[in-house]
Amino acid sequence: MDSIGNRPIWLTYDAQVDVFRVTGGAPLEGTVAVPGAKNSVLKLMAATLLAPGTSILTNVPDIEDVTIMAELLRRLGCDVDQSGDRVCITVPATPDHRADYDLVRKMRASICVLGPLLARCGAADVAVPGGDNIGSRGLDMHVDGLRKLGAVVHNEHGYLLAEAKQLSGAHIVLEFPSVGATETLLMAAVTAKGETVLENVAREPEIVDICRMLVDMGAKVDGIGSSTLTVQGVQELHPVEHRVVSDRIVAGTWAVAAVMTQGRVTVSGVAPKYLELPLEKLVSAGAELSVEDQGFTISMSERPTSVDIVTLPYPGFPTDLQPQFIAMNSIANGAALVTENLFEARFRFVQELSRLGADVRTDGHHALIRGKSELSGAPVEATDIRAGAGLVLAGLVAKGETIVYGVSHIDRGYAGFVDVLQKLGADIARVAE
Ligand code: EPU
């Protein structure tokens with residue numbers, strides 16, 4: 001027994017780190033504003049590389065991944081100034097074109113500099129990010145697409161080395177609507193010679209956001225928001241000021257938290273249309289919902305009813321809300337089947353959830369959750385951002401105290417996670433272990 005209770009033995013070897021101490025039972029009540037989306041801002045920061053001069057991004061979330069991306073851009077020769085929710089990026093006439101492994105390994109999304117560096121510099125050397133805790137995460141569609149645009153790409157000593165004096169337009173059909181591959185190829189195509197048609201692309205609101213920013217920078221992109229993008233290459237782009245789209249996954253996380261704790265929360269600054277399926281599922285679980293153009297109020301007065309979900313590319317149910325919904329199903333009335341189609345290892349976190357007493361069985365892409373009337377607090381380890389969020393949500397309803405380790409994962413994607421929950425009335429604190 002130590003100052004924060006019983007812990008699994010393997011955790012006793014950690015260096016001093018922060019943990020979240022959560023005591024379940026308080027219903028969440030209040031209003032929360034949602035910041036800009038992690039999965040948009042990182043790509044928008046990379047897209048600024050396409051134009052020399054100073055671009056400004058606003059509504060930027062205060063998260064660790066933005067700090068890492070800022071550091072990466074500085075290494076490429078940019079001047080990056082972060083102040084409040086505003087980031088000014090000054091891109092030199094000739095940026096460096098190498099993204100080193102020490103930063104890429106910290107954040108897989110660093111791969112998003114590949115397309116703009118190749119377009120701007122005629123070459124890009126980007127460390128291969130490798131797999132992570134949610135799966136193997138291939139890059140074949142990025143590479144095949146760049147080759148179709150005329151680049152020579154090979155993998156040497158852990159780096160993707162891409163070269164092309166001048167990219168040329170091409171017709172590319174993605175095997176799967178990959179978010180990352182869509183962004184890489186779009187950013188490479190905007191200054192390629194001639195027309196590029198990208199078919200079967202991702203249609204996430206974050207893709208629409210980057211398309212709009214590129215158009216404001218002078219790019220010619222048609223079909224925004226559809227599964228086919230047609231790009232007419234232009235010679236050069238110019239800097240821009242752009243407001244980052246709000247984070248629908250953060251908004252969805254607060255909505256699930258409100259439902260699980262049988263509270264009432266107003267989420268502002270996000271378009272509910274980007275969360276159509278998750279909000280519908282919460283209504284099926286028994287929640288009351290009222291929506292406005294830029295926000296919604298969700299409340300719950302009873303134990304939720306289990307809901308089945310199947311993750312798919314947008315507008316399907318987002319994989320980034322799957323762990324939060326598994327957490328909800330673990331305390332719901334009935335049994336639910338959750339099918340994960342994007343990241344094969346995203347169910348790893350259920351082993352941690354079962355430490356709180358959840359009854360979850362997984363088989364390949366499927367998880368069967370039998371709702372329990374009660375979970376009981378325990379020490380658990382977050383293995384990725386969304387798993388971390390799911391575990392904290394479970395802790396908010398578990399009896400007694402839950403200690404969440406691995407909170408650096410949560411810091412990567414949620415701005416002021418503990419502050420928001422405290423403001424909504426949760427009994428949660430960040431403590432140094
Ligand atoms: N894939 C390939 N080959 C490729 C590209 C993708 O096999 O060339 C596979 C991946 O291995 C994965 C699936 O396709 O199994 C989906 O990958 P996708 O490229 O769509 O995802 P991503 O760009 O790597 C982004 C988000 C993820 C989010 C997914 C799906 C960022 C930084 N990351 O990842 O966000 O889950 O899209 O919506 O934008 C998170 O925020 O927690 C997170 C993981």
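Note that ligands are numbered from 1 as they come in the structure, with each ligand's atoms numbered from 1 the same way.
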On a heavy-atom basis, which atom in C112 and which in M69 lie closest, and how many Å separate them?
SG-CE, 3.4 Å

Side-chain donor-acceptor pair present, T319, E340, cut-off under 3.5 Å
yes

Is it the case that more than 12 heavy atoms not belonging to R361 sit under 6.0 Å from its CZ atom?
no

Using distance alone, determine whether N39 and ligand 1 share an N or O pair under 3.5 Å.
yes

Against heavy atoms of D320, which atoms of ligand 1 measure under 4.0 Å?
27 (C), 28 (C), 35 (O), 36 (O), 40 (C), 41 (O), 42 (O), 43 (C), 44 (C)

Check R108 against ligand 1 and report side chain, backbone, both or neither, counting heavy atoms closer than 4.0 Å.
side chain

Geometric N/O contact I385 with ligand 1, under 3.5 angstrom
no

Could you tell me whether ligand 1 has any atom less than 4.0 Å away from a heavy atom of R346?
yes

Given that the side chain starts at C-beta and the backbone is N, CA, C, O, which of these parts of R386 lies under 4.0 Å from ligand 1, counting heavy atoms, or is it both or neither?
side chain

H365-T339 side chain donor-acceptor pair, cut-off 3.5 Å
no

Does L42 reach ligand 1 with a nitrogen or oxygen that is under 3.5 Å from one of the ligand's nitrogen or oxygen atoms?
no

Residues that D222 engages under side chain to side chain contact (heavy atoms under 4.5 Å, CB included), provided they are two or more places apart
T230

Output yes when the distance from some N or O of ligand 1 to some N or O of F176 is under 3.5 Å, and no in every other case.
no

Under a 4.0 angstrom heavy-atom cut-off, which atoms of ligand 1 come close to G180?
19 (O), 23 (O)

Under the criterion ring-ring contact (aromatic ring centres under 6.0 Å, His included), I'd like the reasoning laid out for F325 against F317: C-alpha separation, chi angles, the key distance, then a yes or no.
CA-CA 11 Å; F325 271 74; F317 189 96; 4.9 Å; yes

For Y314 and R248, test the side chains for any donor-to-acceptor distance below 3.5 angstrom and give the result as yes or no.
no

Suppose I only count heavy atoms of K38 and a 4.0 Å limit; which atoms of ligand 1 are within that range?
40 (C), 41 (O)

Ignoring hydrogens, what is the shortest heavy-atom contact between P318 and I249? Give both atom names and the distance.
CB-CD1, 3.9 Å

Could you pull out, from M107, E183, M141, the option with a heavy atom nearest to atom 8 (O) of ligand 1?
M141

Mark up the atoms of ligand 1 that fall under 4.0 Å of a heavy atom belonging to H142, in ascending order.
8 (O)

At a 4.0 Å threshold, what atoms of ligand 1 neighbour a non-hydrogen atom of K43?
31 (C), 32 (C), 39 (O)

Examine A109 against ligand 1 and note whether any of their N/O atoms are separated by less than 3.5 Å.
no

Classify the ring geometry between F417 and F20 as parallel (under 30°), tilted (30 to 60°) or perpendicular (over 60°).
parallel

Proximity winner for atom 5 (C) of ligand 1, if only heavy atoms of P323, G138, A37 are counted:
G138

With sequence neighbours excluded, residues passing salt bridge (charged side-chain N to carboxylate O under 4.0 Å, His left out) with R203:
none

Using a 4.0 Å heavy-atom cut-off, say whether T319 meets ligand 1 through its side chain, its backbone, both or neither.
side chain

